Structure formats: C-alpha cells, structure tokens
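Please read the structure below before turning to the comments.
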2 protein chains.
Amino acid sequence: MVRASQTDAAVLGALTTGPMSGYAVRAAIRDVLGHFWSESYGQIYPTLRSLEQSGLVDRREPDGAFAITASGRERLLELLSAPARVEPARNGLLLRLFFGEVLGAPACRALLVEARDRAREQLDRYEAIEAGIATEPEHASRAPYWRITLGAGRHGALATIAWAEESLRALEEQP
Amino acid sequence: MVRASQTDAAVLGALTTGPMSGYAVRAAIRDVLGHFWSESYGQIYPTLRSLEQSGLVDRREPDGAFAITASGRERLLELLSAPARVEPARNGLLLRLFFGEVLGAPACRALLVEARDRAREQLDRYEAIEAGIATEPEHASRAPYWRITLGAGRHGALATIAWAEESLRALEEQP
DNA sequence: TCCGTCATGTAATATGTTACATGATTAG
DNA sequence: CTAATCATGTAACATATTACATGACGGA
C-alpha cells in the first residue's frame, strides 16, 4: 500500500454521493462530515489531482466535475478497511485543567462553563440533523450509518455536559 | 505573543513537579498526561532548548536537569490562560462508520465492538488511577484537578460504551 | 561482557493550515 | 453594476512523527 491516506478516503467518500467540483467537495466535508472530519483547500486540490492521475477519479466532460471511477470505489473500500490512523491525543482543555492549580480556580470554572455550553449547543444541532434524516427517504440505506455517527456526537455531548457539571460541583467544594 | 505553543505549556507544566531530564519530561507527559496529551522527542528537545534560550528554563548544575525558572512560571500561566488551540476534527472511526454502506455491516460491527472493548479497558485504567490519587496526600492541592481530567476520561469512556452498544443494536435490526 | 535503560539529539519525512492570487458566474 | 459566491490553485509556514545515531551507566 503506497499511502493509506484518510484524506483520500474522505474525498473519495464525498464523491460517492455524485460528481462535484473541488469546491463542493470541501463544502460537503465541512457541512456533512464537519462534526468529526475536516479538510482544507490545501489538501483537497492536490489530493484530487493525485487521485485523477491514479485513475481513481476523472473529470466529467461538460462541466469538469470530479467523479469517482470504479477503481476509485475499490480503493475507497480498501482505505476504509485499513485500521484508522491513531491521532495523537491533544486536548487543550484538559491540559489547562490538569494544571488548574497554576491557572487558578476561577479560570478553570470559566473553562468548564464554556465547555458545557458549547456541548449543549452541539446537542441541539445533532438533534436537529437527526430529525432531518428521517425526511430523506432517498438515502434510506445510508441513514443507519449517519445515525451512528450522530449518536457518537450526541453521546459525547451528553458526556461533556455531565462531566462539566460534576466538575463544577467538585470545584465548589474547594476554596 | 510570539508563539502560543501548547507544547511549551506541556513541557513547562511537567517541570512544575520538579527538575528533570528531557527524557524524564517525555516519560512524564506519556505516563501522567498520556490520556489527553502526547509529545515526541522530536518536539521536546528543541522545545527545551528554546525555553532555555528564553530564560524560562535553566539547567541545574550538578546533574544537568532542566528546571523551570520564575519567568517560566509566569509564561506557563500566560500560556494556560490563552484559548486552547482548536484541533481540526479527525475521527477515523467515525469516517469509516459514516461510509458504512460502502464498508459493509460486518466490518462496521467489528469496529464498534473494538471501540467498546477499548473503552472498557480505559475505564478500568481510569478507575485504578483515581484510586491511586487518594493515597498521595502530598499532592492534595492538585488532586481535584487531576480528578477532573480523569473524570473526562471516565465520562468519555462510558459514553463510548453506551454509544457502541446502542449502535450495535441498531445494526442488528438491519439485514 | 552484554543487555536494558537513561539520555541527548537530528534528519528526513509527513501532514496540514493559512493566506493569498486569480478569474468566472450569478444574484440583487 | 457590483457584491457575493463559485472555483482552482499555490507558496509559505507550522507542526509533529519516525527512525536513526551516539554514548553512558548499572546490573546480571
């Protein structure tokens, strides 16, 4: 395997919904995969070019839109089957809280409140999206998987809210 | 602000527990901050040198151990007070599950089982560490903050377990 | 003596973002 | 007409990992 790029997988995956421009690929990744994935232009255009050179993607004639080829679909399956790259753990919020004695209790409380409120907003968003999926019967076979990723967001947000509230209570009992 | 590096913060933070070698800084970050932070040698040694040149760290005479200076402590507070850098979202597991129709239901089930089992193991580890904190009275003033970061791990692991089980049940109902 | 760990470091490589340039097309 | 959006792209920069080199030191 030359390069097991998850960026390749995200771009090829986006193209399984139909041919589109690089600009639209970026918009799809931002709007559809946004809560668990991101790519910048600086990645997407070079990736599309390299996919085209490998014959995994070609450009539709009239409008120049990128379309996934049959071998592109094979490659996507191969990439999705490969083990996920382990991202190095890097949680700036927890880093700050771990050194909370240095940072001070009031600043830590503010961080927790902010994290809780952001999680509440996300929760609302996930529930709105979930309601929207039911109204799109044309994607019935994909909907269960979309619900699974939304479920991850929902459970994660709920966990963040519960954790932040528990931690705020614990800090109350300190001076 | 020249550079609001979270790596600087992690290294300076590690040194607040006492002077140590670069090797030991790396071990401390791996063993103590491991569940939410990581740094490699390739980052730590250059960082220590640049911190030394800025007078935020100096080398203790007999053994050459790195020690945080008074201005290093100021700088740490400044770094911890800065907003956390938003890491680009990149969850390889969710990327695979989102395109679960391409990947196939059996492979998705396997991913979910693996995620659930890993979360269970982590949960055990967090609980063991939490039990250990109580037995170290010399760090009483830091213990509440350590418990907060452990709580994040515990809630996150519980959320992952609940999500994976819910998702596995949902996939059962599909063909 | 030999192995494992401690210790310091660097070069090559990978990855990715940001900011900018450029121009077409479309909506108001 | 003009502003916004669509569209393609790149150069500079930032960040980080991996793999390797080097050597000391202590214990079996």
Side-chain angles (χ1 to χ4, degrees), chain A residues 1-11 14-15 18-31 33-34 36-53 57-60 62-67 79 82-92 95, chain B residues 1-11 14-15 18-31 33-34 36-53 57-60 62-67 79 82-92 95:
Chain A
M1 196 174 307
V2 181
R3 198 175 78 124
S5 161
Q6 298 192 141
T7 294
D8 289 8
V11 170
L15 290 177
M20 63 183 83
S21 69
Y23 188 87
V25 167
R26 200 258 186 171
I29 289 175
R30 186 193 53 208
D31 300 338
L33 314 183
F36 61 82
W37 203 262
S38 70
E39 297 289 350
S40 60
Y41 283 130
Q43 290 283 99
I44 287 174
Y45 283 109
T47 295
L48 280 169
R49 204 175 353 165
S50 99
L51 290 174
E52 194 185 356
Q53 282 168 0
V57 149
D58 56 18
R59 307 197 73 159
R60 252 185 9 183
D63 53 1
F66 296 95
L79 290 171
R85 234 192 73 190
V86 278
E87 295 289 314
R90 277 246 163 79
N91 187 319
L95 184 68
Chain B
M1 194 174 308
V2 183
R3 200 175 77 124
S5 161
Q6 298 192 141
T7 294
D8 288 9
V11 170
L15 290 176
M20 63 183 83
S21 68
Y23 188 87
V25 168
R26 201 260 186 168
I29 289 175
R30 187 193 52 206
D31 299 339
L33 313 183
F36 59 84
W37 204 262
S38 69
E39 296 291 350
S40 60
Y41 283 130
Q43 290 284 98
I44 288 174
Y45 283 108
T47 295
L48 280 169
R49 206 174 353 164
S50 100
L51 290 174
E52 194 184 357
Q53 282 168 0
V57 148
D58 56 18
R59 306 198 73 158
R60 253 186 7 184
D63 54 1
F66 296 94
L79 290 172
R85 233 191 74 190
V86 278
E87 296 288 317
R90 276 247 164 78
N91 187 320
L95 183 68

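These figures come from a predicted structure and were not determined experimentally. The analysis underlying the following values was restricted to heavy atoms, covering all of them including side chains, and did not include hydrogens, waters or symmetry mates. So that the names make sense, note that chain A is the first sequence line, chain B the second, and so on, each numbered from 1.
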### Task
Please round to the nearest 0.5 Å and tell me the distance separating atom CD of A:Gln6 and atom CZ of B:Arg90.
8.0 Å
### Set of residues satisfying side-chain contact (heavy atoms from CB on, under 4.5 Å) with respect to B:Pro83, sequence neighbours excluded
none
### Message
Would B:Arg26 pass as a cation-pi partner of B:Tyr41, given that its NZ or CZ must be under 6.0 Å from the six-membered ring centre and within 45 degrees of the axis?
### Response
yes
### Message
Which heavy atom of A:Ala28 sits nearest to which heavy atom of A:Met20, and what is that distance?
### Response
CB-SD, 4.5 Å
### Message
Just the rounded figure in Å: distance from C1' of D:dT15 to CH2 of B:Trp37.
### Response
12 Å
### Query
In whole angstroms, how far is the P atom of D:dG9 from the CZ atom of A:Arg49?
6 Å
### Message
Just N and O in the side chain of A:Arg85: are any of them under 4.0 Å from OP1 or OP2 of D:dA16?
### Response
no
### Query
B:Ile44 has an atom CD1; how far is it from atom C1' of C:dT8, in whole Å?
12 Å
#### Entry: A:Ser21 side chain, from C-beta outward: closest of D:dT8, D:dT10, C:dG9
D:dT8
### Task
Using whole Å, report how far CG of B:Asp63 lies from P of D:dC25.
14 Å
### Message
For the residue pair B:Arg60 and B:Phe66, would you count it as a cation-pi contact if the rule is NZ or CZ under 6.0 angstrom from the ring centre and within 45 degrees of the ring axis?
### Response
no
#### Entry: Atom pair distance, as rounded to whole Å: CG in A:Leu51 and C1' in D:dG9
16 Å
### Message
Nearest whole Å is fine: how far is C:dA7 C1' from B:Tyr23 OH?
### Response
8 Å
### Summary
From the candidates D:dT5, D:dA16, D:dG9, the one with an atom nearest any side-chain atom of B:Thr7 is D:dA16
### Summary
Here the gap from B:Gln43 atom CD to B:Ser38 atom OG, rounded to the nearest 0.5 Å, amounts to 9.5 Å
## Note on the structure
Closest to the side chain of A:Tyr45, out of C:dG9, D:dT15, D:dA7, is D:dA7
### Query
Reading nucleotides 17-26 of chain C from the 5' end, what letters show protein touch, with B for base, S for backbone sugar-phosphate only, - for no heavy atom under 4.0 Å?
BB--------
### Query
Can you check the B:Phe66 CZ to C:dT8 C1' distance for me, whole Å?
8 Å
### Query
Measuring from B:Leu15:CG to B:Leu48:CG, what's the distance to the nearest 0.5 Å?
6.5 Å
### Message
Just the rounded figure in Å: distance from P of D:dG9 to CZ of A:Arg26.
### Response
16 Å
